[in-house]
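Numbers here are sequence positions counted from 1. Only heavy atoms go into these numbers, but all of them, side chains included; no hydrogens, no water, no symmetry mates. Note that the structure is predicted; figures quoted are calculated from it, not measured. Order of appearance sets the numbers: ligands from 1, and atoms from 1 within every ligand.
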Amino acid sequence: MPDTRPRRTFAVISHPDAGKSTLTEALALHARVITEAGAVHGKGDRRATVSDWMAMEKARGISITSAALQFVYRDHVINLVDTPGHSDFSEDTYRVLSAVDSAVMLVDAAKGLEPQTLKLFRVCALRGIPVITVINKWDRPGLSALGLMDVIHEKIKLRPTPLTWPVGEAGDFRGVLDRRTGEFVKYTRTAGGATRAPERRMGADDVDEADALVWSHAVEEHELLSLDEADHDQERFLAGETTPVMFASALQNFGVAQLLDLLLDLAPEPHATPGVDGSVRETEDDFSAFVFKVQSGMNNAHRDRLAYARIVSGSFERGMIVTHAATGRPFATKFAQAVFGRETTSVETAEPGDIIGFVNAQALRVGDTVYVGDAIEYPPVPSFAPEHFMAASAGDISRYKQFRKGIEQLDQEGVVQVLRSDLRGDQSPVLAAVGPMQFEVVEDRMTNEFNSPIRFSRLDYQVARRTDAAGASALAGVRGVEVLQRSDGTHLALFTDRWRAQYVAKENPDVMLEELPAGGSS
Ligand code: G4P
């Protein structure tokens with residue numbers, strides 16, 4: 001029987017150490033995990049599996065298992081799509097955000113908004129994804145709550161609209177004031193956060209004397225916030241103008257159920273997405289999905305290749321024959337999987353908002369659409385402005401064939417962007433990345449998977465602008481710029497720095513030089 005309960009599909013965006021793994025475990029504990037080799041395990045097992053997923057990612061330092069954790073809460077199916085959580089960025093991190101309907105921005109109360117959180121937030125803003133903010137680690141000393149609201153407003157330009165307000169400053173966490181009901185949600189410290197819901201709700205009149213003073217502070221600040229129009233407004237939230245805020249301690253399990261409730265009550269459900277020609281498929285129409293991530297080499301014994309797709313419309317049934325929009329060819333979905341860490345399980349049915357992995361789908365690339373019925377093609381998953389460039393060549397020239405094959409494969413998977421020019425020839429393409437760790441992934445996979453060691457030589461470029469064929473000819477021979485072509489056909493003009501790019505643009509006013517969506521450090 002297909003499970004057609006309503007969906008919520010979201011990702012957590014945060015800086016390393018803000019508590020994403022802890023929160024994910026806590027969420028899974030509160031809810032009922034349903035995609036774990038098809039079974040629901042006991043609490044102990046569940047924790048182990050979730051941790052394992054994170055541990056592998058940390059150990060390898062690269063995103064090897066990004067997939068979706070699926071669980072049921074209050075008769076809803078929740079898909080938590082993992083964003084790789086290492087200290088460097090890759091384009092994968094950004095692409096994952098094209099598969100979600102909302103994001104939870106996890107902020108460490110002591111650190112405020114950190115660089116990676118900001119970068120990821122910008123991608124959400126670019127894609128119009130509504131963001132819920134969770135201030136974590138309130139059980140430890142940190143910044144003031146009002147101060148944090150200012151930082152958020154200043155840095156991301158969204159108006160924070162707290163739904164809960166802390167009772168007690170950071171490090172003296174007594175609970176929260178639920179700003180919608182006026183209740184005190186009292187927090188009970190538990191050993192290691194083991195208890196499911198260490199919260200007790202009470203009316204303002206029932207607040208203990210011991211909490212009276214901090215409670216009155218919270219009430220006062222809550223009123224100040226209301227005067228400042230910092231109250232939740234669902235329309236403005238969905239329009240990306242405000243961000244609801246809540247305070248939590250993921251480690252102590254406090255606020256986790258509140259977050260799940262918020263996701264159900266406020267976060268958007270999967271909705272229709274227009275195709276490139278403007279046609280729209282409603283979620284209840286025929287099946288369609290787009291690929292947002294392709295991954296291989298997860299299992300060294302079997303050269304598997306998984307294409308992760310997010311279902312946009314219609315019900316999926318395993319075995320269904322779908323059409324691959326890019327080639328117009330039919331594609332059999334005999335092997336569709338839900339992937340959770342190392343665990344994979346056959347998916348029999350899936351619904352809009354769900355993530356499925358197609359096994360050994362050699363033809364599928366990032367951004368591709370698959371559908372049933374009338375043709376539809378979803379817009380490409382955006383690529384971001386690369387800021388790191390390497391000229392690559394085969395470390396062992398006798399293995400050039402393997403080198404070519406490997407580069408082509410990694411290009412298709414979107415591990416790096418591959419740029420070519422007549423000048424450099426096919427032997428030495430330029431690899432372009434958003435984060436330098438993408439090169440490490442390339443090096444590792446070229447050596448171990450394709451048996452072709454790779455030689456890199458760093459190029460002194462930091463800025464790329466989009467140009468066209470006319471621009472490529474006009475800029476040929478101009479000092480301080482090199483134009484190459486990406487495998488999707490886009491011409492990219494590379495510059496050593498922003499100033500050089502501006503200078504060349506000024507000197508060549510007729511040449512198209514467009515900025516690309518910024519992903520990296522700029
Ligand atoms: P990440 O996935 O975002 O990188 O963060 P992770 O969950 O691994 O958490 C980073 C550290 O912060 C961990 O401590 C974790 O226990 C702690 N932490 C997470 N949430 C909270 C919270 O709400 N309150 C407090 N006080 N700490 C929190 P660690 O010492 O690095 O690791 P561990 O030895 O505790 O596992």
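Between Glu413 and Arg445 there is a salt bridge, since a side-chain N of the basic residue sits under 4.0 Å from a carboxylate O of the acidic one. Between Arg7 and Glu269 there is no salt bridge, since no side-chain N of the basic residue sits under 4.0 Å from a carboxylate O of the acidic one. Between Asp101 and Arg310 there is a salt bridge, since a side-chain N of the basic residue sits under 4.0 Å from a carboxylate O of the acidic one. Using a cut-off of 4.0 Å between Lys/Arg side-chain N and Asp/Glu carboxylate O, Asp178 and Arg201 are scored as salt-bridged. Between Asp206 and Lys186 there is no salt bridge, since no side-chain N of the basic residue sits under 4.0 Å from a carboxylate O of the acidic one.
Those atoms of ligand 1 with a heavy atom of Ser249 less than 4.0 angstrom away are 22 (C), 23 (O), 24 (N). Atoms of ligand 1 lying under 4.0 Å from any heavy atom of Pro16, numbered from 1 in the order shown and given with element: 4 (O). Residue contact check: Ala250 has heavy atoms under 4.0 Å from atoms 23 (O) of ligand 1. Numbered from 1 in the order shown, with element, the atoms of ligand 1 that lie under 4.0 Å from a heavy atom of Lys20 read 1 (P), 2 (O), 3 (O), 5 (O), 7 (O).
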Item to complete: Give the C-alpha distance, both sets of side-chain angles, the deciding distance and a yes or no for side-chain hydrogen bond (donor to acceptor under 3.5 Å, both in side chains) between Ser226 and Arg179.
Response: CA-CA 10 Å; Ser226 293; Arg179 296 191 66 224; 3.0 Å; yes
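Heavy-atom neighbours of Glu515 CD from other residues, nucleotides or ligands within 6.0 Å: at or below the threshold of 12.
Checking only distances, Asp17 does come within under 3.5 Å of ligand 1, N or O to N or O. Distances between N or O atoms of Gly19 and those of ligand 1 include at least one value under 3.5 Å. Remark: ligand 1 and Gln252 share no N or O pair separated by less than 3.5 Å (distance only, no angle test).
By heavy-atom distance, the residue among Val12, Leu23, Asp139, Thr22 lying nearest atom 24 (N) of ligand 1 is Asp139.
At a heavy-atom distance under 4.0 Å, atoms from both the backbone and the side chain of Leu251 approach ligand 1. At a heavy-atom distance under 4.0 Å, only side-chain atoms of Arg140, from C-beta outward, approach ligand 1.
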